[in-house]
Amino acid sequence: MKKRYYHPGLISALVIPVLFWHFGNRKIQEITTSVMDIGIPPNLDKDKSNAGDFVELIRNWNLKKIKVPAGKAKENSDLYVSEVNALQKRNEKYTGIEFILGEENTYGDFASLLNDMAISKHEEYALDLEKTGNFLVPVTYLEPYPLAEPCLLCNDVIYRIDNGSIVDTIPEPTLFEKTQDFFIHFTKEAYILISGFLILAYLSLLSFKERYQLSRYPLK
């Protein structure tokens, strides 16, 4: 009697779990892009009647002047970020920072200053295109909270209500809920690999069954 082996099914039963582990645990790598958000000022009328007075107001504030060396803005990024954070921490009205830019400064210096604003999470800044060409950073003034205001949420207790009754403890998730949560995070490729593995495993079981029947009831 000639024995029959289902080699593709056996190989797949060993290889598919490895592929499933590799692709199922690998995160989809997204393309990393660098984007700079720059607000373009509107075109001014000849009489400049539509010009805003925001930059003009900042010019009259108490501004700390910081000279930006040509091509060195990125190297001094930590210093500039700390200056902006200190400005915001002081929280004094009509104060700010004026980063002085000259003709020798590069586009990289300007881009680095914008990146420093993103790092410090300071969303208010302006570029004085009309007069100086400097980078202006006004303080985002926050009104202090009154000390006498009562705390409305202090010492509050949150209860969980189930079917009209107060439940003191939150029940542990069931095995079905844990399994469902586990499969939710699978990618599309992982589901395809699982399906392929199950099909090949089923074919392998059929091959084992056929071999077992032939060994038990040999053909005469």
Side-chain angles (χ1 to χ4, degrees), residues 27 30-162 164 166-170:
K27 295 183 180 180
E30 299 180 356
I31 299 176
T32 303
T33 57
S34 298
V35 179
M36 181 181 297
D37 188 8
I38 302 177
I40 305 298
N43 293 326
L44 298 180
D45 297 335
K46 292 184 178 180
D47 57 356
K48 298 183 180 180
S49 59
N50 63 334
D53 57 353
F54 177 70
V55 176
E56 187 64 32
L57 287 175
I58 299 178
R59 292 195 192 105
N60 300 324
W61 286 12
N62 182 19
L63 301 177
K64 179 180 180 179
K65 299 183 182 297
I66 299 178
K67 173 68 176 178
V68 180
K72 301 293 184 179
K74 187 174 182 179
E75 296 181 11
N76 300 329
S77 177
D78 293 339
L79 173 63
Y80 300 155
V81 170
S82 63
E83 289 287 349
V84 174
N85 290 334
L87 168 71
Q88 195 58 43
K89 186 176 180 179
R90 290 192 297 269
N91 196 34
E92 298 175 356
K93 281 186 176 182
Y94 312 121
T95 59
I97 301 174
E98 181 177 2
F99 293 98
I100 301 175
L101 300 173
E103 294 182 356
E104 68 278 4
N105 286 104
T106 63
Y107 174 77
D109 294 331
F110 175 65
S112 180
L113 289 176
L114 291 178
N115 188 55
D116 295 340
M117 297 302 104
I119 295 174
S120 59
K121 298 180 180 180
H122 194 88
E123 298 182 354
E124 295 188 13
Y125 49 85
L127 186 63
D128 188 359
L129 296 175
E130 291 294 321
K131 294 184 178 181
T132 64
N134 296 334
F135 192 76
L136 309 178
V137 182
V139 65
T140 304
Y141 182 73
L142 302 176
E143 292 288 346
Y145 291 102
L147 299 177
E149 184 177 350
C151 179
L152 301 179
L153 296 179
C154 294
N155 301 321
D156 285 356
V157 180
I158 300 176
Y159 292 99
R160 179 176 177 268
I161 300 177
D162 188 8
I166 298 178
V167 180
D168 295 333
T169 59
I170 300 177

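- At a threshold of 4.5 Å between non-hydrogen side-chain atoms, the residues Val84 and Met117 count as touching.
- In Tyr94, the OH atom is not crowded: 12 or fewer heavy atoms of neighbouring residues, nucleotides or ligands sit closer than 6.0 Å.
- Heavy-atom neighbours of Glu104 CD from other residues, nucleotides or ligands within 6.0 Å: above the threshold of 12.
- The two atoms that bring Leu113 and Leu101 nearest to each other are CD1-CD2, 4.0 Å, heavy atoms only.
- Between Glu124 and Val137, the shortest heavy-atom distance links the atoms O-CG1, 3.9 Å.
- A distance of 6.5 Å separates CG in Leu63 from CG in Leu136, rounded to the nearest 0.5 Å.
- Taking every heavy atom of both residues into account, Val81 and Ser120 meet most closely at CG1-CB, 4.1 Å.
- With Glu98 as reference, Lys65 is the one residue of Arg59, Lys65, Lys131 to meet the salt bridge (Lys or Arg N to Asp or Glu O under 4.0 Å) rule.
- Nearest heavy atoms, Glu92 versus Tyr141: C-CD1, 4.1 Å.
- Contact annotation: the side chain of Asp109 never approaches that of Phe99 to less than 4.5 Å [non-hydrogen atoms, C-beta and beyond].
- Atom CD of Gln88 sits about 5.5 Å away from atom CG of Leu142, to the nearest 0.5 Å.
- Counting heavy atoms from C-beta on, the side chains of Ile97 and Tyr80 never come closer than 4.5 Å.
- Between the side chains of Ser77 and Asp116, at least one donor N or O lies within less than 3.5 Å of an accepting N or O.
- For the atom pair CD (Glu143) and CG (Asn91), the distance works out to 8.5 Å, reported to the nearest 0.5 Å.
- In this structure, His122 contributes its side chain and Val139 its backbone to no donor-acceptor pair below 3.5 Å.
- When the shell of 6.0 Å around NZ of Lys121 is examined, it contains 12 or fewer heavy atoms from other residues, nucleotides or ligands.
- For the pair Glu83/Ile66, a side-chain contact is recorded, criterion being any heavy-atom separation below 4.5 Å from C-beta on.
- What you find for Ile58 and Pro138 is that their closest heavy atoms are CD1-CG, 3.8 Å.
- Nearest heavy-atom pair across Ile100 and Asn105 is O-OD1, 4.2 Å.
- For Ser82 (side chain) and Asp78 (main-chain N/O), a donor-acceptor pair under 3.5 Å exists by modelled atom type.
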Subject >> Worked verdict on Phe110 versus Leu127 for side-chain contact (heavy atoms from CB on, under 4.5 Å) >> reply: CA-CA 10 Å; Phe110 175 65; Leu127 186 63; 4.0 Å; yes
